[in-house]
Amino acid sequence: MNSTPRADYLSLVQQLNHHAKQYYVHDDPEISDGEYDRLYQALLAYEAEHPDHIASDSPSQRVADQPLSHFESVAHALPMLSLGNVFTESELHAFDERIQKQLLKSGAELKSNVAYAAEPKLDGLAVSLRYENGQLVMAATRGDGSQGENITANIKTLPSVPLKLATEHAPELLEVRGEVVMPRSGFKKYNEWAEAHGEKVFANPRNGAAGSLRQLDPRKTAQRPLSFYAYALGATSDSVQFTRHSDSMQWLSELGFQINALNQVVIGAAGCMAYYQHIGQVRSSLDFDIDGVVYKVDDLDHQAALGFVTKAPRWATAHKFPAEEATTQIDNIEVQVGRTGSITPVARLKPVTVGGVTVTNATLHNEDEIRRKDVRVGDTVFVRRAGDVIPEVVKVVLSKRPENSQAFVMPSHCPVCQSELHKPEGEAVLRCLNGLGCDAQRKEAIKHFASRKAMDIDGLGDKLVEQLVDAGLINNPADLYQITESQAAGLERMASKSAQNLLTGIEKSKQTTLPRFLYALGIREVGEATALTLANELKSLDAIIQADTDTLVALPDVGTVVADRILAYFKQPENLKVIHDLLDHGIQWPAIESIDDAQQTLAGQTVVLTGKLNQLTRSEAKSALQNLGAKVTGSVSAKTDLLVAGENAGSKLTKAQELGIQVVDEQWLIDQITD
Ligand code: IVH
């Protein structure tokens with residue numbers, strides 16, 4: 001068949017949309033960024049020549065041109081409702097009983113417990129998207145529920161929002177409601193960038209999402225990491241008919257929307273409770289903030305029978321997690337010295353329960369943050385704890401500030417070693433540059449060296465490291481290997497059995513791997529993944545020590561910042577001396593052979609990677625699999641031998657499970673390459 005330039009162009013649009021969705025929505029790219037760029041440039045070239053033929057769903061149409069002067073107000077075709085709340089198990093039971101009673105009263109047949117569509121309650125911003133004949137024509141914020149703001153230009157920049165529905169039979173009208181969130185990973189990256197470029201940092205991902213959507217310049221919104229999850233239908237033409245909410249979500253997913261992978265239909269109050277507990281457990285590992293879960297009666301006839309009370313449906317409720325913010329008073333502000341000399345101010349608080357946990361300390365991040373929030377000793381403050389992150393001070397209640405309180409001033413000298421503090425150019429953090437000459441950094445460096453993912457020294461906890469340093473028995477990691485049993489047994493509260501265990505643990509740690517050893521050194525910016533790359537690519541410690549900038553930046557995912565840190569580390573004679581001593585004490589690892597048949601444990605196997613990885617980048621995971629002999633492909637089929645599933649794995653995981661294919665997680669892969 002002969003293809004015409006027009007047909008080629010339309011196929012480009014399709015391909016680019018497909019690949020953008022694989023990348024942004026499924027986190028599962030099938031082509032490299034470079035290939036994507038090449039296709040995109042070809043598309044732009046055609047569009048420049050044929051400006052009248054630009055497809056409405058061309059990816060180029062996401063990028064808006066001009067800032068707006070203001071947002072227009074728009075009316076919602078159907079109001080955007082809010083939700084009632086339950087906080088406890090008994091309130092949940094009361095909700096479920098009320099529903100059963102009302103359904104029976106309305107004459108509905110209830111053969112068993114009520115089925116609920118259970119979903120995470122995303123902590124972002126509610127928006128409504130309006131599609132007419134399959135084209136996105138309007139996006140609006142919730143506003144007061146009946147009127148919102150027209151944010152169409154901004155919403156179009158979100159890769160997870162389809163510009164055109166993926167169907168030949170689009171309804172005349174379809175409103176899709178959902179939440180725009182800033183993923184935690186994107187929030188963190190964005191704030192790092194903002195800090196480095198003197199732009200405003202966001203206090204939390206929700207503020208990030210709200211601030212980015214209320215940006216008058218859509219070109220700025222386009223640079224923010226935002227993601228849309230659909231959770232309900234709004235107004236639709238009559239042709240849109242479903243019997244269950246969960247079916248309508250499945251349909252939206254087929255039309256190209258992102259639906260939360262954790263959505264699940266559960267039965268009765270007991271099913272809701274189990275779901276709530278499950279989501280509570282995985283909450284901290286999710287890439288987005290949630291403040292509870294939502295239960296919706298799944299049967300849409302039942303929803304209609306139940307109806308609404310004022311602004312909320314009777315057929316749904318939010319089951320909230322305990323508040324993660326509380327107020328308390330600051331007793332003192334102290335500064336802590338981190339492993340790399342970073343000086344972090346910490347608020348010592350009157351103990352307060354936040355989200356079920358007692359909090360006595362909260363980080364104040366750095367000098368700029370203290371100044372921005374103007375946090376002072378004696379202040380009453382809001383403290384926030386999200387998941388397992390360190391609690392932080394959100395803001396000061398100024399009306400409760402004691403008279404004659406004083407602004408906090410950062411110390412000019414290290415509180416531990418008294419050397420002068422410096423703020424390196426372009427960094428927000430004050431540092432003690434005394435390195436292992438500073439007791440605090442020495443202790444942190446040794447703790448890191450001994451930690452589980454580094455040398456994994458059994459029996460050597462943080463407290464013991466502090467005791468050993470304080471007793472003058474060790475000054476650096478290498479000294480650990482000279483400790484005698486009688487020295488260890490002489491420490492306070494040290495039984496002879498624990499002293500023996502410590503020495504056994506230290507002895508055992510001598511057999512290690514090169515990636516672990518490199519990570520244990522605690523070079524700035526060299527985490528587990530970078531250590532693995534260095535070891536796999538450069539093969540020997542000598543080669544790594546001798547590598548120059550060009551060699552380093554040529555490695556996957558090593559940039560100039562990381563390269564500079566590595567060079568600076570190996571330039572220090574003290575560091576080389578510690579390494580030398582460690583090797584003298586007998587630390588060793590198996591040589592990293594160039595791809596050797598014996599190591600090719602996945603030789604000839606077809607492997608698929610899916611979901612979000614936390615420790616490896618996708619390209620690292622892929623090359624690691626290839627080094628093990630695997631063929632890495634993009635989709636799961638009967639030919640697939642193994643699925644490596646990261647977090648939030650979606651349809652590929654389900655399919656692999658259906659086909660009975662072996663599924664492993666990221667840690668499994670790391671174990672294959674490190675052990
Ligand atoms: S359903 C009629 N589902 O919670 C049902 N809302 O008070 C209306 N939210 O700001 C909402 N995740 O944006 C629903 N899975 C979810 C949700 C969710 C977050 C937000 C919503 C609104 C608030 C409702």
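Read the numbers this way: they start at 1 and go in the same order the structure lists the ligands and their atoms.
- Looking only at heavy atoms of the protein, atom 15 (N) of ligand 1 is closest to Glu119 OE1, 2.9 Å.
- Side chain of Asn154 to backbone of Thr221: no donor-acceptor contact under 3.5 angstrom is found.
- With a 4.0 Å cut-off on non-hydrogen atoms, Leu83 touches ligand 1 through its backbone as well as its side chain.
- Remark: minimum distance from atom 12 (N) of ligand 1 to any protein heavy atom is reached at Leu122 N, 3.1 Å.
- At distances below 3.5 Å, at least one donor-acceptor pair connects side-chain atoms of Lys652 with backbone N or O atoms of Gly634.
- For the ring pair (Phe, Tyr, Trp, His ring centres under 6.0 Å) with Phe202, the lone residue among Phe187, Trp193, Tyr190 that qualifies is Tyr190.
- When only interatomic distances are considered, the shortest N/O to N/O separation between Trp315 and ligand 1 does not fall below 3.5 Å.
- Both the backbone and the side chain of Lys121 come within 4.0 Å of ligand 1, judged by heavy-atom distances.
- Contact annotation: the side chain of Asn614 approaches that of Glu666 to within less than 4.5 Å [non-hydrogen atoms, C-beta and beyond].
- Among Ile279, Asp289, Asp291, Val293, the single residue meeting the side chain to side chain contact (heavy atoms under 4.5 Å, CB included) criterion with Lys121 is Asp291.
- Ligand 1 has at least one atom lying under 4.0 Å from a heavy atom of Pro313.
- The nearest non-hydrogen atom to atom 16 (C) of ligand 1, considering only Tyr231, Phe308, Tyr295, comes from Tyr231.
- Looking at atom 10 (O) of ligand 1, its nearest protein heavy atom turns out to be Arg142 NH1, 3.4 Å.
- In this structure, Phe288 has its ring center closer than 6.0 angstrom to the ring center of Tyr229.
- Nearest non-hydrogen protein atom to atom 8 (C) of ligand 1 is Leu81 O, 4.0 Å.
- Here His319 and Tyr276 bring their ring centres to under 6.0 angstrom of each other.
- Per-residue contacts place Ala126 under 4.0 angstrom from the following atoms of ligand 1 (heavy atoms of the residue considered): 10 (O), 13 (O).
- Ligand 1 has at least one atom lying under 4.0 Å from a heavy atom of Pro120.
- Few gaps surround CD on Gln135; more than 12 heavy atoms of other groups in view lie less than 6.0 Å from it.
- Under 3.5 Å, the side chains of Gln615 and Gln667 contain a donor-acceptor pair of N or O atoms.
- Nearest to atom 3 (N) of ligand 1 by heavy atom, out of Met80, Arg177, Gln303, Lys296, is Lys296.
- For atom 20 (C) of ligand 1, the closest non-hydrogen atom of the protein is Glu179 OE1, 3.6 Å.
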